[in-house]
**Student:** 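Okay, here's the structure, questions in a sec.
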Amino acid sequence: MKNMKFVLLGLALIGLFVFPVNALENEFSEEEIELNYKQTLLAGKIDDMLKDDNGSYPDYFGGIYISSDSKNVILQIVNDNIPNDNSNEYDIYKNIINMDDSIIIEYVNNSYNYLNDLKEMISELTIKNGKRIYKNFSSVSIDIVKNKIKVNLVSNNGQEQTDFIKMVENSSSSTYSLLNLSKLELIDFGEATYTATSINAGQRVPVPAGGCSVGFRTKYNGKIGFVTAGHCLIGNGGINGIVRLVNYSNGGSGDYGFVEANQYTGTLTNKIAFPSKNGPTVLNDINNQCPSLYRGTKVAMSGSATAKYVDGNIIELDTNACYVTGECIYGLMETNFGSKLGDSGGTVYLPLSDKNGGGVVVGVVSGGDVNNMYFTSINNMPIEFISGRY
């Protein structure tokens, strides 16, 4: 890793006065959902144009996100790193900024590459062999909008902030900042309460860890079943089905698993267990790749503990987080609405209306608290989970 030095710019507290989105009171309109989906696809095109053959971004790229009203795609540019106008990079840059009137350029100080290096450094100092080694650490991610690194601490009073900064300074012989500190703990596992004959997306099911929620139905190795959170499938409890895949390990990427249906599972459906008043009631069963997701993409959740429709926006794309058990998971996405004990494994989807094909599955819940929810993107799961949708 690079030997980096950082300038102390001050600390900003976030999350202490953020409240979860209650979609029953403030549900996205169909027009907002469709416009947000259009901007998500546009952001994907920009992202593809920026990356080189190795998937790396140019140094002038700071980040990309969708505005809160979904009217614009914000492309962050490091002004000092804009390529020379006689270079191939400049031609790509010029084509991107002129490709759509909804694209707004925002100038920032830090490149995405630089921030990603910072995130990796924090992970190395707080997580070892998949276990949390700094006890007050909860998660680290890139805050795209603020163009900073966000570190969530289990407890975040002034002394604990100071202790964290000192730990980083002493470990790296550098002065580190660009931190936003907030309190967050991942939820623990729920307990099973009932078994149903018809299993809808987000519905509660008994699993080895206790009780979690169904993500979505699909086929894996030719067998029908459902996807849920991987941590739900670890333990000695009973399950109505056969566990065929568990992706949940210390220091691993993602939190998901597959349960093959048997005579005890019940009938799996694409119905959403807790739909919105005006949005989709079913999940789209088209078995193709879901779009890439971005900061600002609107998503909804169906989970058995929350037991009602909730929606909001993705706020972080690549979070490394630690559970209360001390185990740490990489590559999770984060939203600005929360989840409850037992929502783990529940469906996360783009809430397109039924007339537009229904909700598009984008992942399953991993954990969260009353203010934020973490989930694993379906794009980070086996391709069979997508191609097997029916």
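All values reported here derive from a predicted model rather than from experimental measurement.
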**Student:** Restricting to non-hydrogen atoms, name the atom on T265 and the atom on N262 that form the minimum distance, rounded to 0.1 Å.
**Tutor:** OG1-N, 2.8 Å

**Student:** Looking at residues at least two apart in the chain, or sitting in another chain, which of them share a side chain to side chain contact (heavy atoms under 4.5 Å, CB included) with V348?
**Tutor:** V299, V362, V365, M373, F375

**Student:** If you look at every heavy atom in K128 and I133, which pair is closest and at what distance?
**Tutor:** CB-CG2, 3.7 Å

**Student:** What about I64 and I103, same hydrophobic cluster or not, with Ile/Leu/Val/Met/Phe/Trp/Tyr joined at side-chain heavy-atom distances under 4.5 Å?
**Tutor:** yes

**Student:** Can you list the residues that meet the salt bridge (Lys or Arg N to Asp or Glu O under 4.0 Å) rule with E89, with sequence neighbours excluded?
**Tutor:** none

**Student:** Distance under 6.0 Å and angle within 45° of the ring axis: does R244 meet both against Y220?
**Tutor:** no

**Student:** Looking at D318 and K119, is there a salt bridge between them, counting it only when a charged N and a carboxylate O are closer than 4.0 Å?
**Tutor:** yes

**Student:** Can you hop from V108 to I96 via hydrophobic side chains spaced under 4.5 Å?
**Tutor:** no

**Student:** Does a donor on one side chain and an acceptor on the other come within less than 3.5 Å for S56 and N54?
**Tutor:** no

**Student:** Between E334 and K150, does any side-chain N to carboxylate O distance fall below 4.0 Å?
**Tutor:** yes

**Student:** Can you check side-chain contact (heavy atoms from CB on, under 4.5 Å) on V246 and H231, steps first, answer last?
**Tutor:** CA-CA 8 Å; V246 176; H231 73 252; over 6 Å; no

**Student:** Is I315 linked to Y112 within one hydrophobic cluster, defined over Ile, Leu, Val, Met, Phe, Trp and Tyr using a side-chain heavy-atom separation of less than 4.5 Å?
**Tutor:** no

**Student:** Determine all donor-acceptor pairs shorter than 3.5 Å in which one atom belongs to a side chain in residues 74-81; sequence neighbours excluded.
**Tutor:**
| unit_1 | atom_1 | unit_2 | atom_2 | d |
| --- | --- | --- | --- | --- |
| Q76 | OE1 | G63 | N | 3.4 |
| Q76 | NE2 | E106 | OE1 | 2.9 |
| Q76 | NE2 | I144 | O | 2.8 |
| N81 | ND2 | D59 | O | 3.0 |

**Student:** Identify the heavy atoms of S123 and N320 that sit nearest to each other, and give their distance.
**Tutor:** OG-ND2, 2.8 Å

**Student:** Out of S344, S139, S366, S141, which residue meets the side chain to side chain donor-acceptor pair (under 3.5 Å) rule with Y374?
**Tutor:** S139

**Student:** Should the heavy atoms of other residues, nucleotides or ligands under 6.0 Å from CG of D85 be counted, would the total exceed 12?
**Tutor:** yes

**Student:** How long is the span from the OG atom in S377 to the CG atom in L332, to the nearest 0.5 Å?
**Tutor:** 10.5 Å

**Student:** Does the side chain of D47 pick up a donor-acceptor pair with the side chain of Y57 at under 3.5 Å?
**Tutor:** yes

**Student:** At their closest point, which heavy atom of G359 faces which heavy atom of P280, and how far apart are they?
**Tutor:** N-CB, 3.5 Å

**Student:** With sequence neighbours left out, write down each residue that passes side chain to side chain contact (heavy atoms under 4.5 Å, CB included) with K45, or none if nothing qualifies.
**Tutor:** M99

**Student:** Please determine whether side-chain contact (heavy atoms from CB on, under 4.5 Å) holds for the pair K71 and L35, giving the CA-CA distance in whole Å, both sets of side-chain angles, and the decisive distance to 0.1 Å.
**Tutor:** CA-CA 7 Å; K71 293 181 179 179; L35 180 58; 4.1 Å; yes

**Student:** Run the side chain to side chain contact (heavy atoms under 4.5 Å, CB included) test against A307 and tell me which residues pass, sequence neighbours left out.
**Tutor:** F274

**Student:** Restricting to side chain to side chain contact (heavy atoms under 4.5 Å, CB included), what partner residues turn up for A300, sequence neighbours left out?
**Tutor:** Y309, D311, Y349, P351

**Student:** For S213 versus G342, what's the shortest heavy-atom pair and its separation?
**Tutor:** OG-O, 2.9 Å

**Student:** With no hydrogens and no angle check, do the side chains of N72 and S102 hold a donor and an acceptor under 3.5 Å apart?
**Tutor:** no

